[in-house]
Protein chains: 2
Amino acid sequence: MDRKVSTRSAARAETERAILSAAEAVFAEHGYRGATTGMIAERAGIPKANLHYYFATKEALYRQVVENIFMIWLDAANSFDDCEDPEEALTHYITTKMDISRQHPMGSKVWANEILHRAPVIQDYLETTLREWTATRIAIIERWVGEGRMDPVDPRTLLYMIWSTTQHYADFIHQIETLNDGKPLSDDQFAIARDNVVRIILSGVGIRARAASSVKAGAAR
Amino acid sequence: MDRKVSTRSAARAETERAILSAAEAVFAEHGYRGATTGMIAERAGIPKANLHYYFATKEALYRQVVENIFMIWLDAANSFDDCEDPEEALTHYITTKMDISRQHPMGSKVWANEILHRAPVIQDYLETTLREWTATRIAIIERWVGEGRMDPVDPRTLLYMIWSTTQHYADFIHQIETLNDGKPLSDDQFAIARDNVVRIILSGVGIRARAASSVKAGAAR
DNA sequence: ATGAAACCTGACCAAACGGTCAAATTGAGC
DNA sequence: GCTCAATTTGACCGTTTGGTCAGGTTTCAT
């Protein structure tokens with residue numbers, strides 16, 4: 001038991017983590033207004049008053065949740081730059097975004113809610129970080145087009161298509177599951193969806209698959 | 001002034017319409033929980049008590065709004081069947097869905113909110129009407145694939161891609177406008193986006209454009 | 001051991017909200 | 001003009017919610 005330095009601060013970190021995790025789930029499922037600090041506290045296993053000791057206001061807690069999500073989103077976004085080849089870069093980026101939707105659906109839902117409501121909390125992020133990120137990637141796509149490595153497409157439209165299609169598997173998962181006889185997508189079904197998304201978009205912008213990565217097109221059931 | 005039969009019932013219809021219109025806007029912008037009956041009544045220009053004379057509960061009003069939206073959505077969905085040719089059918093369907101996002105963005109937002117929150121109000125519609133509609137269209141796409149008129153793609157993935165991409169221009173319009181220097185998309189910009197979406201998806205599923213409908217790819221600004 | 005700081009919590013409060021109600025107003029049929 | 005049902009409205013109510021607070025408990029450096 002050589003814990004001396006860590007017990008106190010570790011406990012604090014753990015409580016904060018539990019609150020943020022609970023908050024993400026509750027905000028995702030009920031939206032900002034629909035979520036109550038009581039629900040979040042209960043899910044985190046602490047009294048409501050204690051939650052307000054760690055996060056002064058509901059809005060501050062919400063802001064922290066959204067910022068965390070934005071950071072994950074940004075990390076994934078950097079996978080765009082891992083390769084110079086458009087086929088590899090787009091395949092990697094789309095695959096990564098699909099996997100995030102699969103493994104981190106609540107974050108995407110919170111983000112969708114925030115944008116739907118005109119981004120009252122994270123407007124500054126949209127106008128700075130996101131705007132810069134988008135501008136540089138548009139430049140990359142335009143260069144690829146100029147080099148004839150893909151068809152001439154409007155880069156914004158392509159980016160929005162990638163964002164919307166991949167995030168659909170998080171934001172609209174309830175609709176997808178309902179249309180899957182009420183059952184969650186199996187790993188196989190999701191893999192088929194992911195591969196089809198990659199293939200349709202790449203083929204859609206005139207990038208011919210070179211590698212023989214076996215992409216199945218079979219029906220999803 | 002030969003209005004006698006109509007004044008009374010016409011006034012009622014007009015009040016109901018004003019309430020539903022206001023409710024759609026407020027529910028779209030604030031979500032179900034974020035919207036208050038007071039806000040809706042104010043926007044409709046009537047006292048809150050009068051709103052409750054026309055719609056007994058907030059939930060009943062919300063349900064009516066969602067049902068109206070679903071009917072518009074279904075009408076558009078039928079444009080899928082207008083042509084037997086996959087190129088024409090998909091072009092028509094995608095174009096129609098894009099135009100609905102442009103002209104009826106609030107409805108799409110309400111729908112997105114409802115799905116995001118696990119469809120507490122319209123789950124029965126998802127399990128009946130939407131499930132049936134989807135099944136028949138999947139059959140059509142599978143037939144096209146079987147006839148070699150398009151590449152073998154998973155029909156569900158294709159439908160979800162069309163839904164998500166087109167509705168993105170309504171649900172995420174705030175993000176799109178922020179990335180457009182805070183300005184709304186001009187008609188030209190939107191037309192470019194619409195044409196690019198059609199072209200990328202059709203090309204993505206292996207449908208080569210026949211008609212010479214001039215599709216421009218130019219940058220959006 | 002001890003004092004101070006950090007942490008925890010039951011009880012409480014003011015504001016906001018969905019919904020009610022009784023009284024007033026309107027308008028169509030006679 | 002009169003009647004009565006439909007409509008309108010300000011005032012009101014019970015509940016929920018975000019947030020506060022006083023007082024208790026734990027942790028840790030000395």
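Below, read A as the first sequence line, B as the second, and so on, with proteins coming before strands; counting in each chain starts at 1. The structure displayed is predicted, hence computed values, not measured ones.
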Q) Residues from residues 28-43 of chain A sitting under 4.0 Å of DNA chain C, heavy atoms only? A) A:Arg33

**Q.** Heavy atoms from other residues, nucleotides or ligands near CD of A:Glu177 exceed 12 (cutoff 6.0 Å)
**A.** yes

Q. Quick one: is C:dA6 close enough that its OP1 or OP2 comes under 4.0 Å of any side-chain N or O from A:Arg12?
A. no

Q: May I ask you to test the A:Glu29-B:Leu116 pair for a side-chain heavy-atom distance under 4.5 Å?
A: no

**Q.** Any residue meeting side-chain contact (heavy atoms from CB on, under 4.5 Å) with B:Thr129, in chain and number order, not counting sequence neighbours
**A.** B:Phe70, B:Leu74, B:Tyr125

(Q) Which residues in residues 45-58 of chain A have a heavy atom closer than 4.0 Å to any atom of DNA chain C? (A) A:Pro47, A:Ala49, A:Asn50, A:Tyr53, A:Tyr54

Q.
Would you say the ring centers of B:Trp163 and B:Trp73 fall short of 6.0 Å from each other?
A. yes

**Q.** Bend angle of the helix from C:dA1-D:dT30 to C:dC30-D:dG1, from helix axes over five pairs at each end, nearest 10°
**A.** 10°

**Q.** Separation of C:dC7 P from A:Ile19 CD1 (nearest whole Å)
**A.** 12 Å

(Q) Rounded at 0.5 Å granularity, tell me how far CD1 in A:Ile200 sits from OG1 in B:Thr157. (A) 6.5 Å

(Q) Between A:Asp124 and A:Arg63, does any NZ, NE, NH1 or NH2 come within less than 4.0 Å of an OD or OE carboxylate oxygen? (A) yes

Q | Enclosure of A:Glu42 CD (heavy-atom neighbours >12, cutoff 6.0 Å) | A | no

Q | Neighbour count >12 (heavy atoms, 6.0 Å) for atom CD, B:Glu59 | A | no

Q. Do any pairs count as a ring pair (Phe, Tyr, Trp, His ring centres under 6.0 Å) and have a residue in residues 40-69 of chain B, sequence neighbours left out, and if so which ones?
A. B:Phe27-B:Tyr62, B:Tyr32-B:Tyr62

Q) Pairs in or reaching into residues 166-198 of chain A: which pass ring pair (Phe, Tyr, Trp, His ring centres under 6.0 Å), with residues at least two apart or in two chains? A) A:His168-A:Phe172, A:His168-B:Tyr160

